[in-house]
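Below, chains carry the letters A, B, ... as their sequence lines are ordered, and counting in each starts from 1.
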Number of protein chains: 2
Amino acid sequence: MATPRRIGAEDSKTREQLVDAAERLLLRDGYAAVSSRRVAAEAGLKPALVHYYFRTMDDLFLAVFRRRAEQNLTRLDRVLESPQPLRALWELSVEPSGTAFTVEFSALANHRKAIRAEIAEYAERFRQMQVEALTTRLPELGWDTDEMPPAAFVVLLTAISRVLAMEEGLGMSGGHAETLDLVERALTRLEGEAPQPE
Amino acid sequence: MATPRRIGAEDSKTREQLVDAAERLLLRDGYAAVSSRRVAAEAGLKPALVHYYFRTMDDLFLAVFRRRAEQNLTRLDRVLESPQPLRALWELSVEPSGTAFTVEFSALANHRKAIRAEIAEYAERFRQMQVEALTTRLPELGWDTDEMPPAAFVVLLTAISRVLAMEEGLGMSGGHAETLDLVERALTRLEGEAPQPE
DNA sequence: GTCTATACTTCGATAGAC
DNA sequence: GTCTATCGAAGTATAGAC
């Protein structure tokens, strides 16, 4: 028989605080900084609680990932139904915390094989949602989908936003202005000007 | 007075073996797997040697980074002078090990501040070399640099190759075929067909 | 230049009291 | 549900013999 080890409830408030703390550490200092002791300290709790709510640290990483992944899918849903979906999608894609999150988990997937499959599955789903939305939307906007199919459009948008955000995190900026201008002109051609803040 | 601690010579064969081992570990298992003990084991040497040649682990990381960075700059130089520089640049950019290297050090820069500046400086230099080459080359090929300036072209090429490689490492592939096809058509329009292997 | 030995820290994980 | 206490493994780094 396996050990009947106790595990805390999924809807616990304390558990949520631990996930919050782990996410903050992950974004601020990178995944290598997410240890059970540090997470506990960041949350103002005792280290043993981490292993009460999560059997292993991998379980904690997965909890952090899943929560954010679900939030992202929900936000994407809203974004794709907004009046200017391409513009809104771009705004969502360039959010620094979202990109930092993706980069950390991509690196983490390198040596935590258990997490890799889950990340890949989510990423495919996230992309597929965008492709489906753009498959009806792009032709309506007069986009030449023979020249650039929706799937390529989505990859391009993802690639540009992620690399700009990664590099900005490093403190580099060469070519960024020209690239942002390119994106802005494409968005304006497709969906018109961005709404001006009043 | 500071400690007169001994440090091994830079041209040592043993030192090189340690850098080799660290690079292998970095690419295979991620930066978190690069510890002094593991590097030594990977190199078939004793752990104490790591600290004989490198005062701290950060010094070792920097040695790995610098060696590869210099190799990359040299290769880039050759690539930009080849008969089909854009195609050659693309081939260089999609190399999986190069991208894995970049991603690991980007993540590493998150919590090893000492390394960040060095990475950013190299990256800017790498980009600038490409921009300069393409600034004369793209107009010769009939590219509309008003629509897409050389700097944006370089960022785009970097972004596409890096994201494709990152995702491939995760085991995801949605939209990749369409994107590769897009790149291939652009390269063919600019520089003609790829040379066929005999 | 390389070795053994070791000091000290931090880590994941668990047992068992409360 | 939370605590103290603790085990054993692994980490960085150094001292000093050879």
If I take atom [atom1] in residue [X] and atom [atom2] in nucleotide [N], what distance separates them, rounded to the nearest angstrom?
X       : N      : atom1 : atom2 : result
B/Tyr52 : D/dG16 : OH    : P     : 17 Å
A/Leu49 : C/dG12 : CG    : C1'   : 15 Å
A/Lys46 : C/dG12 : NZ    : C1'   : 18 Å
A/Leu60 : C/dC11 : CG    : P     : 14 Å
B/Arg6  : D/dT14 : CZ    : P     : 13 Å
A/Ile7  : C/dA15 : CD1   : C1'   : 14 Å
A/Arg55 : C/dA15 : CZ    : P     : 13 Å

What does nucleotides 5-12 of chain D look like as a protein-contact string, B for base, S for sugar-phosphate only, - for none, at under 4.0 angstrom between heavy atoms?
-> ------BB
Pick base, sugar-phosphate or nothing for B/Ser12, based on heavy-atom distances below 4.0 Å to the nucleic acid.
->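 Touches nothing.
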Indicate, with a heavy-atom threshold strictly under 4.0 Å, whether A/Phe54 touches base, sugar-phosphate, or nothing.
-> nothing
Test applied, side chain to side chain contact (heavy atoms under 4.5 Å, CB included); reference residue, B/Ile160; option that passes from B/Val155, B/Thr179, B/Leu180 =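 That would be B/Thr179.
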Earlier contact from the 5' end, DNA chain C, for B/Pro47 and A/Asp58 = B/Pro47
Can you find a side-chain donor-acceptor pair between B/Ser93 and B/Arg162 that sits under 3.5 Å?
->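 No.
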